[in-house]
Amino acid sequence: MAAFSFTRCLVRSYFCVKCVDHVQTRLQTTTRMFCVSTSRSTQFTDTEVQDILTKITGLDLKKVFQPIRQQLTPPKYKLMTDTELEEAVRKAEEQAKHLLKMPPVLPERKPINDVLSEDQMLEGMNTAKYVFTDINFNVPHRERFIVVREPSGTLRKATWNERDRIIQVYFPKEGRKITPPPIFKEENLRVVFEQDRHEDVLNQCVVQFEPDSAEFKNVLMLTYEDIEKHGKYDLLRSTRFFGGFAWHLVNGRRIDGLLVDMLQRDLMQDAVRLVRLFNLIHPQSESAQHAQRQQATDLNLLKIYAQYESNRAGFIELAVQTYEQTKAPSSF
Amino acid sequence: MHIQELAVLRQNGSLLTTHWNSDLPHISCHFTTKYSNTGKIFACKHLNQHEGLFTRFVLQGIRDWKIISSAAPGLKFRALSSSSSSSPPSAENTESPETLSRYSDRPWEYLESEEYIERYGAKPVWANYRRNHKGGVPPQQTRKTCIRGDKICGNPCPICRDPNIIVHYKNVNLLQQFISPQTGIVHDPTRTGVCMKQQKLLNKAIETARDCGLLAVQLPHVDYSKEDYSNTHGAVAPTPAPVSLRSGELWYSWYGSIKPDERELARVKRIYKDYLKPDV
């Protein structure tokens with residue numbers, strides 16, 4: 001995806017009209033490297049994937065609109081008719097959907113190592129680096145020029161960490177600190193995970209870091225690993241992080257724990273959707289091929305997955321059978 | 001004959017000393033303060049001298065009383081050792097009021113101890129504290145500090161009056177008592193009665209605890225819909241190498257289409273005749 005954007009940039013920009021040979025060969029090699037993963041496989045932003053993930057996340061209004069700590073006002077009471085009440089519930093659901101928008105899953109950003117000029121004349125003139133920032137208000141942060149003049153005289157573009165810090169100094173975002181808080185250190189994370197406060201950690205992470213930075217991905221990965229290890233899947237259900245969590249598991253081919261948890265909570269539809277997502281992302285896997293051949297739907301998908309891919313086949317099959325048995329007499 | 005001496009500094013600043021003959025089998029002394037509403041008693045028990053045990057002081061409910069080692073100059077608290085008179089009175093190390101506590105390493109353990117529960121129960125530590133001030137409206141700032149050097153003021157604030165209560169960022173249960181459970185805002189010192197020095201320490205400890213994730217923080221919702229993460233702009237992407245012109249090509253495409261004025265061109269050529277290339 002990054003390679004394609006790079007090519008797109010070169011196509012659009014002025015310089016690409018006169019493409020130099022070495023640039024073109026570099027482009028070709030990068031496209032060849034990336035074409036296997038990006039062009040054919042499904043992305044996080046595909047509509048079908050997003051649809052599945054939102055449905056799996058669920059919409060528990062009580063959890064989404066949990067009372068938060070804020071300045072208290074006296075409560076307001078309204079008398080409503082039934083239609084008005086339904087309208088109010090519908091509005092609440094829309095607001096909840098907006099709150100449950102998933103943070104994007106992006107490839108890690110490439111480091112910036114660009115030297116704009118080398119001036120040996122300026123060597124030794126200063127003892128500190130100078131950072132020049134463009135502070136025009138209407139410029140998006142990703143298009144803001146931030147350059148650093150080193151004491152050795154080189155003028156270079158600022159690295160991503162420096163960029164984040166400087167932008168936070170001039171355009172502070174609420175809740176974000178200039179240096180990352182100590183909650184993201186290993187020992188503090190361990191303490192917080194023991195208290196089952198994974199959602200708080202993820203909220204902090206989302207506020208503090210950019211979604212394509214290395215630290216963001218690292219913290220997310222640590223949280224996901226901890227949840228997967230202890231099986232605390234319900235903590236993230238009906239929050240905005242469940243989609244990213246499910247995506248991470250499916251990409252790592254480790255959906256057994258989550259499937260078992262869903263089956264234990266009688267969420268058959270969600271389990272089916274999860275297996276369908278797995279087949280979408282890994283179309284070469286055995287279960288996907290068998291499902292494609294048999295055009296399987298619903299519980300048959302689960303059975304095929306349990307047969308070919310899963311480590312906990314026994315449990316999944318048993319759960320499917322019990323569900324079918326309970327459904328058959330109730331349909332009468 | 002061994003004279004044992006006990007000195008107690010009362011909360012209004014007066015000094016109470018008592019001596020007793022430790023050769024006698026048993027002495028117990030009781031002091032009640034007329035200020036205490038709860039009627040807590042300070043008692044000291046002196047165990048039987050014949051058994052050769054050294055004296056232990058049982059402090060019960062030191063609501064308004066404090067034993068200070070070197071509170072007033074010239075006063076020494078002699079720790080009572082065994083019966084041998086030859087042993088020199090080994091004083092307990094002279095500690096200032098602030099460091100006299102056996103919970104200084106792990107201050108959170110005090111909040112689970114019996115001492116704490118008996119004294120405060122389930123209420124916060126500042127629940128039964130009342131400031132002394134003139135008139136109906138209290139001053140909008142509490143006093144600057146309760147402890148100056150070795151001296152403690154009268155009616156110290158809820159944190160200073162109990163040396164076992166230590167403000168530390170890991171002491172989450174104590175910090176929670178000073179945060180409103182509904183709004184998450186730190187209580188004003190006029191409400192809790194703490195002195196300004198302790199309030200500053202509290203604020204810092206609460207901020208550190210929130211940074212380390214020990215206390216819950218309310219964070220704003222981050223909206224991702226308006227940002228573009230393609231990273232294609234020249235500010236963050238590598239700058240392409242400068243392109244060299246092929247022969248015959250112009251730097252700007254419109255160079256060729258604009259024709260200069262002939263007379264102006266001739267005039268400029270005449271002026272810079274010596275510097276132009278021969279073929280121009």
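Chain letters run A, B, ... following the sequence lines, proteins first and then strands; every chain starts at 1. Since the model is a prediction, treat every value here as computed from it, not as a measurement. Both backbone and side-chain heavy atoms feed into the values below; hydrogens, waters and symmetry mates do not.
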Among the listed options A:Glu210, A:Arg197, A:Gln195, the residue most often paired with chain B at heavy-atom distances under 4.5 Å = A:Arg197
State whether A:Lys177 and B:Asp211 are salt-bridged, where the test is any N-O pair (Lys NZ or Arg NE/NH1/NH2 against Asp/Glu carboxylate O) under 4.0 Å.
-> yes
Sequence-distant partners of B:Glu264, salt bridge (charged side-chain N to carboxylate O under 4.0 Å, His left out), two or more places apart = B:Arg267
Closest non-hydrogen atom pair, A:Lys173 against B:Glu227 | NZ-OE2, 4.0 Å
Residues 183-194 of chain B vs chain A, non-hydrogen distance cutoff under 4.5 Å, contacting residues -> B:Thr183, B:Gly184, B:Ile185
Heavy-atom donor-acceptor pair, A:Lys157 side chain to B:Pro238 backbone, under 3.5 Å | no
Shortest non-hydrogen separation from A:Phe145 to B:Ala235 and the atoms involved | CE2-CA, 3.6 Å
Who passes ring pair (Phe, Tyr, Trp, His ring centres under 6.0 Å) against B:Tyr255, sequence neighbours left out?
-> B:Tyr252
Looking only at heavy atoms, which two atoms of A:Asn203 and B:Leu219 are closest? And how far apart?
-> C-CD1, 3.8 Å
Could you check if a side-chain atom of A:Asp200 sits within less than 4.5 angstrom of a side-chain atom of B:Val217, using non-hydrogen atoms only?
-> no
Can B:Asn231 and A:Arg142 be counted as having a side-chain donor-acceptor contact under 3.5 angstrom?
-> yes
Got a sec: does the NZ of A:Lys63 have more than 12 other heavy atoms crowding it under 6.0 Å?
-> yes
Pair A:Gln70-B:Gln182, side-chain contact (heavy atoms from CB on, under 4.5 Å): steps then yes or no = CA-CA 7 Å; A:Gln70 57 184 5; B:Gln182 288 84 28; over 6 Å; no
Whatever's closer than 4.5 Å to a heavy atom in chain B on A:Pro140 counts as neither
The interface call for B:Asp223 against chain A, heavy-atom contacts under 4.5 Å, is side chain
Picking from A:Glu187, A:Arg163, A:Glu143, which has the most non-hydrogen pairs under 4.5 angstrom with chain B?
-> A:Glu143
Rounded to the nearest 0.5 Å, the CG atom of A:Asn188 sits from the SG atom of B:Cys212 at a distance of 4.5 Å
A:Phe171: ring pair (Phe, Tyr, Trp, His ring centres under 6.0 Å) partners, not counting sequence neighbours = A:His141
